[in-house]
Each structure stands twice: as C-alpha cells, then as structure tokens.
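Once you've had a glance at the structure underneath, I'll fire off some questions.
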Protein chains: 2
Amino acid sequence: MRLAELSHETGVASATLKYYLREGLLHAGEIESRTQASYDGTHVARVRLVRALVESGGLSLARAKAVIVALDDPPENRHDLLGVAQRALIEPDAADAGPDWTAFATAAVRGWGWDIEEGDPLLPLLGAQLRAVVDAGVELGDGTVLDQFAEAADRIAAADMSTLPEAPAAAIRQAIVGTVLTDPIVLTLRRLAQQHQSAIRFKQ
Amino acid sequence: MRLAELSHETGVASATLKYYLREGLLHAGEIESRTQASYDGTHVARVRLVRALVESGGLSLARAKAVIVALDDPPENRHDLLGVAQRALIEPDAADAGPDWTAFATAAVRGWGWDIEEGDPLLPLLGAQLRAVVDAGVELGDGTVLDQFAEAADRIAAADMSTLPEAPAAAIRQAIVGTVLTDPIVLTLRRLAQQHQSAIRFKQ
C-alpha cells in the first residue's frame, strides 16, 4: 500500500508517518520508484505499536524509539532480555539524588533479598523517588509501607513473568509493551482499592 | 519576607512565583504597600509542595491547582475526603473508551468485591486503559493477571490507609501527596521485582 493508505489504515497523518520514517520509528517501505514506496502489514502493526506506546503508555518519542530498537534485535537469553527491555524504558535524564540515596535504595532492595545487579540504573532512580517523598514530608511508617509496596510489586512482577512467551521476539514485546501499557492500570487499581479500603474503614 | 527572598529560599524563580500567584497555586502575601507584599513559612511550604507535585509527581499545573484547592478545604468525613483527593488527581480529559469498556471495568471491580460508587470517573478510565492493552495484543492470561494486579493493588491501598493521620487537613495531604509521589516508586519497584523474578526463573 501507499503512504496515503497506511495513513488511512492507521488513522495517523501522512506528515506524522514521514516523521516516524525519518526518526527510525518506522522501517522504510519497499522502494518502487524515485518517489514511491510500498508499505505492508508490518508497517501497520509498527505504527499502531508506536501510537500505543506514546498515547496510552505516555512514552516520549525518544523512549519509543529505544523500545523499537530493542524489539528489532532481542537478545537470546531471557534474563538479559528483561534488562534490555527495562533500560529501553528509562529516560536518559532520569532523576539521581546522589550516592547516599542510591545506597539507601540499594540497601532496601538487598533487604528484600532481590537479586539486582550493582550499577542498575533503577537504583539511583528509586533513590531520587524516595528522596522526593521524604522531602515532601510524606509518611512512610518507618519503612513498613515501603516493605509492603515491595511485596505487592513482587506479586505484580510474578504475574508479569507468567505471561512471557517462549520466543525472544514475542517475550521482549510482552515485557516492554505489557509493562508500559499496564503501568497506568496498576495505578488506577491502586486508587480504586484505596476507595474499597476506605469504605471498609470509614463509610458510615 | 519579600518575593525575592521567597525565591531564594525555595530556589524557584520570581517570575514563576508570580505565575503561581496569578494562577491561584500560591496564596497571596500580606499586602504592605501598593507594590510590596510579605510572605512567610506557609508560602515556602506551599511552593515546595507545588514543585513536588509537578516535578516529582508529574502532575500538570491544572491538576496541581485542583490538589491545592482540595487541600485548602478538606471535607470532614474521611471516606468523602478520599473521593475528593482522587477526583483532584484525574485529568478532566481522561480517556474514556465508551460504555462497553466502562461496563467491563465495572464488572471486574465488582468481581473483586470492591465497594465503588456507580459513576466513579476511575471506571471509564480503567476501561480505556484495558482497551489499550487489548488493542496492543498484550497478554493478560484470560484475566488472571488482572486479578493478581488487583490483589497487589489492594495490599498497596491497605498500606496507604495505614498512614492516614486523624486530622482531615493532614489526612487529605497524605492521601494526595502520598499517592502522587509514591506512584513512581510503585512502578520502579515493579521493574526491580521483575528483575528479581527473572533472576529466579532464567539466570544461568
């Protein structure tokens, strides 16, 4: 199909599709002449994926591109695959509150017995997020709340792992797209569960 | 203190502080003359709160303002208080995928035995988020993954409730600011827990 048809099929403007092509978010079509290229079902699927990541998942176009690159070249080892997926999702300018907060976050994670590699970029990110909470005077109940969050997160992660397909390409897609698109669901469920817990405790 | 001192104390530019004053994100100082006003510790605390909500919590300025309004006038009833807190956090243009998806989300929530009011704006939001996941072909294991997410969210919410202070003003602050600033922590813990679960299953 021509670019105009790809636009019609996906509901994405031709100018936006050209931008995706220039930025490497969409693979080139088959060249038919100096001014014509032809696109197929793989292009439709890719455009829909980019829209899902950006619109529903809230990723920046730069993060969406990192995800696309990871999807196009998945590592064979399933544990490495998850690391690649997660690194694709972290903004390069992610917050870092310095070595003390990273050490604090690392100690918490070690306390839960989690097997996380030294230098994992999620540790300074967690440190910065904890610092923002502490700075704002939010109550964490001497860390017991954080422990309960960790236990809940571990259950979510176990559910995540249960859905990973065998094939590397399908597994990295599920790991990345599944995590990005279900993050908002986890947060909405948290709010609904707060209402449920509040009704149990306080409803008259 | 003068505006320049408030700027120095909070690290927020005077022009930004004037913008906050115009938009109602910051309460007016005490008028001292036609061109001078005086600010105190309540202004320092408010500016820091707005920065935390916007920079660490990722709220839009419009959402931050809704939060400020709710904080300034908390309802007495503790269950109503949570509803006010949650409505302040929902973007007015939040996604809605139509009545079928809202009904689907409502049925899921009822299935967990959660006491959520008809017409709660979180239900169409959850419906739209579920639709995005289904449209992207993300595997939810016939709904068992969603059930496991709900169980984990319920544990998070129980931890949230355990930290609510008695006084309404302090409780609504903890409900709103605590939720907004710990949302990113929940998502980071999910990714770290994925690595932990992956290491258990796949590390060689």
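Within every chain, numbering begins at 1; the chains are lettered A, B, ... in the order of the sequence lines, protein sequences first and strands thereafter.
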### Summary
By residue number, those in residues 4-18 of chain A with heavy atoms under 4.5 Å from heavy atoms of chain B are none
## Note on the structure
On a heavy-atom basis, the closest approach of A:Ala199 and B:Asp115 is CB-OD2, 3.6 Å
### Task
May I ask you to name which of B:Asp160, B:Val145, B:Leu125 has the most heavy-atom pairs under 4.5 Å with chain A?
B:Asp160
### Query
So what's closer than 4.5 Å to chain B heavy atoms on A:Leu89: side chain, backbone, both or neither?
side chain
### Query
Side chain, backbone, both or neither: which part of B:Gln194 has a non-hydrogen atom closer than 4.5 Å to chain A?
both
### Message
Assess, by modelled atom type and distance only, whether the side chains of B:Ser162 and A:Arg201 contain a donor and an acceptor separated by less than 3.5 Å.
### Response
no
### Task
Measure from the side-chain N and O atoms of B:Gln197 to the backbone N and O of A:Met161, and report whether any donor-acceptor pair falls under 3.5 Å.
no
### Electrostatic pair B:Arg191-A:Asp183, nearest N-O below 4.0 angstrom
yes
### Message
Quick check for you: among B:Glu117, B:Glu151, B:Gln86, B:Arg131, which has the greatest number of heavy-atom pairs under 4.5 Å with chain A?
### Response
B:Gln86
### Query
At a heavy-atom separation under 4.5 Å, does B:Leu49 approach chain A through its side chain, its backbone, both, or neither?
neither
### Task
Would you check if there is a donor-acceptor pair between the side chains of A:Gln129 and B:Ser56 at a distance under 3.5 Å?
no
### Query
Relative to chain A, which segment of B:Gln148 carries a heavy atom at a distance below 4.5 Å: side chain, backbone, both, or neither?
side chain
